[in-house]
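If you read the sequence from its start, that first residue is 1, and numbering goes on from there.
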Amino acid sequence: MTVATLALVLASVMTPVSVTEATPAQDVAARRAALVEARAEHAAALKRLASIEARMGESSADLDRLVDDQVRAQQRLSRRAASLYRSGRVDLVVALLGAEDFESFTARWELLERITQQDAAAVVEAKAARERATRSGRDLVRLQERASREMRTLERAMTAARIDLATSRAAYAAQRARIAGADTRPARPAPKRQTKRTGEGAWQTAKASHYGRGSWGRLTADGTRIHADSMIVAHKTLPFDTLVEFSFRGKTAVARVADRGPYTKGRTWDLGPGVIRILDFNGVHMVKYRIIGR
């Protein structure tokens with residue numbers, strides 16, 4: 001049963017039936033059947049979400065490992081730079097330290113004529129680690145968008161089930177004795193995700209807000225159309241498509257920079273709809289973050 005069909009069924013279930021159309025017992029039976037079907041879809045959505053979250057857990061562990069590899073590769077390059085400094089090759093060190101970011105750092109290192117074969121291998125290793133971490137981060141973004149969609153499916157089903165239950169109780173209180181023992185309670189809500197992560201990296205702390213529902217459908221600064229599951233964030237200066245990992249109250253999410261902002265003083269990030277759903281984030285809070293790659 002598709003989500004659209006589920007919505008139609010639940011909508012029809014929530015519409016009161018007059019006495020001339022059906023007897024109270026028939027209406028209650030119809031509502032029970034619809035609720036059973038809704039609960040089956042709810043269980044199926046939970047199963048899909050569990051599968052996605054299992055894959056997210058695997059991708060999350062891979063990402064931690066790859067980020068650690070990247071950090072170690074960069075540390076080896078830093079130690080090599082220190083060794084050059086101690087050996088008196090100051091001109092090379094000055095050129096390297098003038099790089100503004102990791103990409104220009106590796107580019108300058110490769111272009112310097114006096115680079116040794118050992119240095120070249122270290123640069124290749126560092127770039128490969130960076131690329132692997134970036135690919136892993138993008139895979140995790142796609143999985144989190146799917147998880148966000150499944151969460152919304154569960155939320156809609158639960159809301160409809162609660163409304164239907166309230167309607168049934170109010171309109172057919174006299175019939176409850178005739179269906180004694182029947183379980184008409186809505187299915188239990190999906191358990192909250194508890195994603196624990198480990199790993200090293202340049203974690204930082206900053207204040208974040210989030211997009212409102214009024215932003216859905218509009219285009220970001222890089223041309224992305226915002227939807228209910230967009231794993232995007234806004235930052236004032238970071239290049240578009242930069243992957244950033246966020247941590248908030250024990251939950252983590254990876255998103256890409258696709259917009260500019262926020263422009264409220266003291267805030268560093270605006271989190272997209274999918275990001276706040278994965279993080280269970282609402283309002284304005286301090287978050288931890290680290291740059292994964294781009």
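- Relative to the six-membered ring of F281, R249 misses at least one condition, a distance below 6.0 Å or an angle of at most 45° to the axis.
- At distances below 3.5 Å, not a single donor-acceptor pair connects side-chain atoms of R267 with backbone N or O atoms of K207.
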Any chance you could lay out the salt bridge (Lys or Arg N to Asp or Glu O under 4.0 Å) test for D270 and R260, step after step, and finish with the verdict?
CA-CA 9 Å; D270 255 342; R260 292 301 177 218; over 6 Å; no

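- For the ring pair (Phe, Tyr, Trp, His ring centres under 6.0 Å) with H235, the lone residue among Y263, W269, F240 that qualifies is W269.
- Of all non-hydrogen atoms in Y211 and I226, the two that sit nearest each other are CE2-CD1, 3.6 Å.
- Note that the NZ atom of K288 and the CD atom of Q204 stand 11.5 Å from one another [nearest 0.5 Å].
- Cluster annotation: V67 and V141 are assigned to the same hydrophobic cluster (Ile/Leu/Val/Met/Phe/Trp/Tyr, side-chain heavy-atom contacts under 4.5 Å, transitive).
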Assess whether side-chain contact (heavy atoms from CB on, under 4.5 Å) is satisfied between L143 and E145, documenting all intermediate values.
CA-CA 5 Å; L143 284 172; E145 286 186 345; over 6 Å; no

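- Closest non-hydrogen pair, I278 versus A147, comes out as CD1-CB, 4.0 Å.
- Considering only heavy atoms from C-beta on, R152 comes within 4.5 Å of R277 through its side chain.
- R130 contributes atom CZ, which lies 9.0 Å from atom CD1 of I292 (distance to the nearest 0.5 angstrom).
- In this structure a side-chain-to-backbone donor-acceptor pair under 3.5 Å is present from T220 to A258.
- Among all heavy-atom pairs drawn from D241 and R138, the shortest one is O-NH2, 3.4 Å.
- The environment of K236 atom NZ is dense: over 12 non-hydrogen atoms of other residues, nucleotides or ligands sit within 6.0 angstrom.
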Verify side-chain contact (heavy atoms from CB on, under 4.5 Å) between L279 and L271, making sure each step is shown before the conclusion.
CA-CA 10 Å; L279 293 178; L271 309 181; 4.2 Å; yes

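- When all heavy atoms are compared, the tightest approach of S247 to W203 is CB-CZ3, 3.9 Å.
- Separating the OG atom in S209 from the CG atom in N282 is a distance of 11.0 Å, to the nearest 0.5 Å.
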How far apart are the C-alpha atoms of L243 and I291, what are their side-chain angles, what is the distance that settles it, and do they pass the side-chain contact (heavy atoms from CB on, under 4.5 Å) test?
CA-CA 6 Å; L243 293 179; I291 307 300; over 6 Å; no

What verdict does the salt bridge (Lys or Arg N to Asp or Glu O under 4.0 Å) test give for R142 and D139, after you've listed the backbone C-alpha separation in whole Å, the side-chain angles of each residue and the deciding distance to 0.1 Å?
CA-CA 5 Å; R142 287 191 288 270; D139 289 342; 2.3 Å; yes

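- Checked by atom type and distance alone, the side chain of Q144 pairs as donor or acceptor with a backbone atom of V254 at under 3.5 Å.
- Put simply, the side chain of V257 reaches to within 4.5 Å of the side chain of V244, judged on heavy atoms.
- Side-chain contact, S148 with D229: a donor N or O sits under 3.5 Å from an acceptor N or O.
- Within the model, atoms CG of L63 and CZ of R135 stand 12.5 Å from one another, a figure rounded to the nearest 0.5 Å.
- Look at R132 and D68 and you find no salt bridge, because none of the NZ, NE, NH1 or NH2 atoms lies under 4.0 Å from a carboxylate O.
- In this structure, the side chain of S51 does not engage the main chain of R48 through any donor-acceptor pair within 3.5 Å.
- Between F246 and Y289, the ring planes lie tilted relative to each other; the angle falls in the 30° to 60° range.
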side-chain contact (heavy atoms from CB on, under 4.5 Å) for M286 and F248? Distances and angles first, verdict last.
CA-CA 8 Å; M286 300 298 292; F248 179 70; over 6 Å; no

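- Using modelled atom types, one side-chain atom of H210 and one backbone atom of G283 make a donor-acceptor pair closer than 3.5 Å.
- Side-chain polar atoms of T224 and R256 form a donor-acceptor pair below 3.5 angstrom.
- Residues V275 and I52 fall within the same hydrophobic cluster, defined by Ile, Leu, Val, Met, Phe, Trp and Tyr side chains chained together at heavy-atom separations under 4.5 Å.
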